[in-house]
Amino acid sequence: MVNYYGSLCTKMYELLHPQAPQDELEFYLSYANKDQKILEGLCGSGRFFLPFLQKGYNISGFDSSKEMLDELIKKAANARVYHNTVDTFDIEEKFDYIFITSGSVSLFTKDNDCFDLLCKMKDYLTVTGKFVFAVATTAAAEKDTFEFNESRSVKTDEGYRLALKLKNYYDKENKIQFSPSLYELYDGEKLLQTEEMDFQIRLYDFGELDQQICRAGFKNIIVYKDFKK
């Protein structure tokens, strides 16, 4: 599955990103009020979701990865989260504030998929609601590498070595970064488990999404180049 965070991917993500970057967290928190109903789309294992919950915000979330959500539930059994894709997410609520962090909107690599996401989030907003999100830009395009190279390696709680190998290809015409990934779990030199991930993201130029955002029914678009408003 494209961009699906499986068990080994989730384990590495947890070890490398146990907490949200403070500047990014504060950026999303700056839009929140305690009297709002808040939704985090693609909430993953909760590195942004949990600080909101711990601070007393009324927050819900959803994600397509059961493995990621299982990690979130381990940390907060009372978390109100749903195992859904954007397409299958369906609850009878409206939210005052919806956010998607970490450039995850770029995981929707087809124009129609991104537009459908925008429309779906718009439908779940109250009349005065805000949708705040980030995308990756074309400045993030990686140099092409056509063989798997080890990118990261971490030690798991069990003492195993978990390695990430990937290669890159950037489709300049469609602005899609393809990064096929291979996660390998080792006990010494013995390979215990392998997990493949078809990872790809859509990169954007400044202003490129404006037309889709307006067509989805949003108004008052504000764009920041970083988390300093």
Side-chain angles (χ1 to χ4, degrees), residues 1-25 27-28 40-50 63-72 74-75 85 100-110 113-114 133-205 225-227:
M1 295 174 62
V2 176
N3 293 332
Y4 186 82
Y5 286 61
S7 60
L8 293 184
C9 175
T10 297
K11 187 181 290 291
M12 176 166 276
Y13 190 93
E14 284 289 281
L15 290 169
L16 291 177
H17 309 290
Q19 295 178 331
Q22 193 61 34
D23 58 344
E24 187 175 1
L25 175 60
F27 178 82
Y28 290 103
E40 183 185 1
L42 315 183
C43 61
S45 57
R47 63 178 184 153
F48 287 88
F49 183 98
L50 292 170
D63 199 277
S64 63
S65 170
K66 183 178 183 301
E67 290 85 348
M68 292 289 272
L69 287 181
D70 285 347
E71 290 299 319
L72 192 159
K74 287 179 185 177
K75 303 167 194 171
T85 63
I100 296 178
T101 71
S102 306
S104 293
V105 170
S106 283
L107 296 172
F108 297 81
T109 54
K110 298 177 182 177
D113 289 345
C114 183
F133 65 95
V135 293
T137 70
T138 49
E142 298 281 350
K143 182 180 178 181
D144 291 351
T145 55
F146 299 105
E147 294 183 0
F148 279 111
N149 293 298
E150 187 169 308
S151 171
R152 302 299 294 266
S153 177
V154 295
K155 186 175 182 180
T156 70
D157 294 340
E158 299 83 6
Y160 301 136
R161 187 173 78 90
L162 176 56
L164 167 61
K165 298 178 180 179
L166 54 80
K167 51 187 176 180
N168 291 293
Y169 169 70
Y170 181 50
D171 179 350
K172 292 183 180 179
E173 181 178 353
N174 296 299
K175 298 179 183 175
I176 298 176
Q177 177 74 60
F178 294 92
S179 300
S181 303
L182 191 63
Y183 293 87
E184 295 180 338
L185 186 67
Y186 290 91
D187 181 3
E189 297 299 319
K190 182 180 179 182
L191 180 62
L192 301 177
Q193 186 180 347
T194 301
E195 180 178 287
E196 296 181 8
M197 183 182 188
D198 183 3
F199 188 75
Q200 48 188 266
I201 55 173
R202 171 70 157 83
L203 306 182
Y204 292 91
D205 290 319
K225 67 177 182 178
D226 54 31
F227 300 116

Quiz item: Could you go step by step and tell me if Thr101 and Arg47 meet the side-chain hydrogen bond (donor to acceptor under 3.5 Å, both in side chains) rule?
Solution: CA-CA 10 Å; Thr101 71; Arg47 63 178 184 153; 5.7 Å; no
Return the [atom1] to [atom2] distance between [X] and [Y], rounded to the nearest 0.5 Å.
| X | Y | atom1 | atom2 | result |
| --- | --- | --- | --- | --- |
| Tyr4 | Met68 | OH | CE | 10.0 Å |
| Leu203 | Thr109 | CG | OG1 | 10.5 Å |
| Glu71 | Leu69 | CD | CG | 10.0 Å |
| Thr194 | Leu182 | OG1 | CG | 6.0 Å |
| Leu185 | Met12 | CG | CE | 9.5 Å |
| Leu166 | Met197 | CG | CE | 11.0 Å |

Quiz item: Can you check salt bridge (charged side-chain N to carboxylate O under 4.0 Å, His left out) on Glu14 and Lys11, steps first, answer last?
Solution: CA-CA 5 Å; Glu14 284 289 281; Lys11 187 181 290 291; over 6 Å; no
Quiz item: Tell me the ring-ring contact (aromatic ring centres under 6.0 Å, His included) pairs involving residues 143-187, sequence neighbours left out?
Solution: none
Self-check item: Lys175 side chain reached by Asp205 side chain, heavy atoms, under 4.5 Å
Solution: yes
Quiz prompt | Flag side-chain contact, heavy atom, 4.5 Å: Ser102 against Phe48 | solution = yes
Practice problem: Any side chain to side chain donor-acceptor pair (under 3.5 Å) involving residues 142-152? Give me the pairs, sequence neighbours left out, ordered by first then second residue. | Solution: Glu150-Arg161
Quiz prompt | Full working for side-chain contact (heavy atoms from CB on, under 4.5 Å) between Tyr204 and Cys114 | solution = CA-CA 12 Å; Tyr204 292 91; Cys114 183; 3.7 Å; yes
Where do [X] and [Y] come nearest, in terms of heavy atoms and distance?
| X | Y | result |
| --- | --- | --- |
| Ser106 | Ala136 | OG-N, 2.9 Å |
| Ile100 | Gly41 | CG1-O, 3.7 Å |
| Gly44 | Leu72 | O-CD1, 3.5 Å |

Practice problem: Inspect the surroundings of CD in Glu158 and state if more than 12 heavy atoms from other residues, nucleotides or ligands are less than 6.0 Å away. | Solution: yes
Distance-only, no hydrogens or angles: does the [X] side chain make a donor-acceptor pair with backbone N or O of [Y] under 3.5 Å?
| X | Y | answer |
| --- | --- | --- |
| Asn3 | Leu107 | yes |
| Ser65 | Tyr5 | yes |
| Ser181 | Ser179 | yes |
| Ser104 | Leu42 | no |
| Gln200 | Ile176 | no |

Quiz item: Which residue pairs pass the salt bridge (charged side-chain N to carboxylate O under 4.0 Å, His left out) test when at least one of the two sits in residues 176-191, sequence neighbours left out?
Solution: Lys165-Glu184
Exercise. Please name the residue in the list Glu195, Lys66, Glu67 that meets the side-chain hydrogen bond (donor to acceptor under 3.5 Å, both in side chains) test with Ser7.
Key: Glu195
Exercise. Determine, step by step, whether Tyr28 and Glu40 satisfy the side-chain contact (heavy atoms from CB on, under 4.5 Å) criterion, reporting the C-alpha distance in whole Å, the side-chain angles of both residues, the deciding distance to 0.1 Å, and the verdict.
Key: CA-CA 10 Å; Tyr28 290 103; Glu40 183 185 1; over 6 Å; no
Quiz item: Run the side-chain contact (heavy atoms from CB on, under 4.5 Å) check on Lys75 and Ser45 step by step: do they pass?
Solution: CA-CA 9 Å; Lys75 303 167 194 171; Ser45 57; 4.1 Å; yes
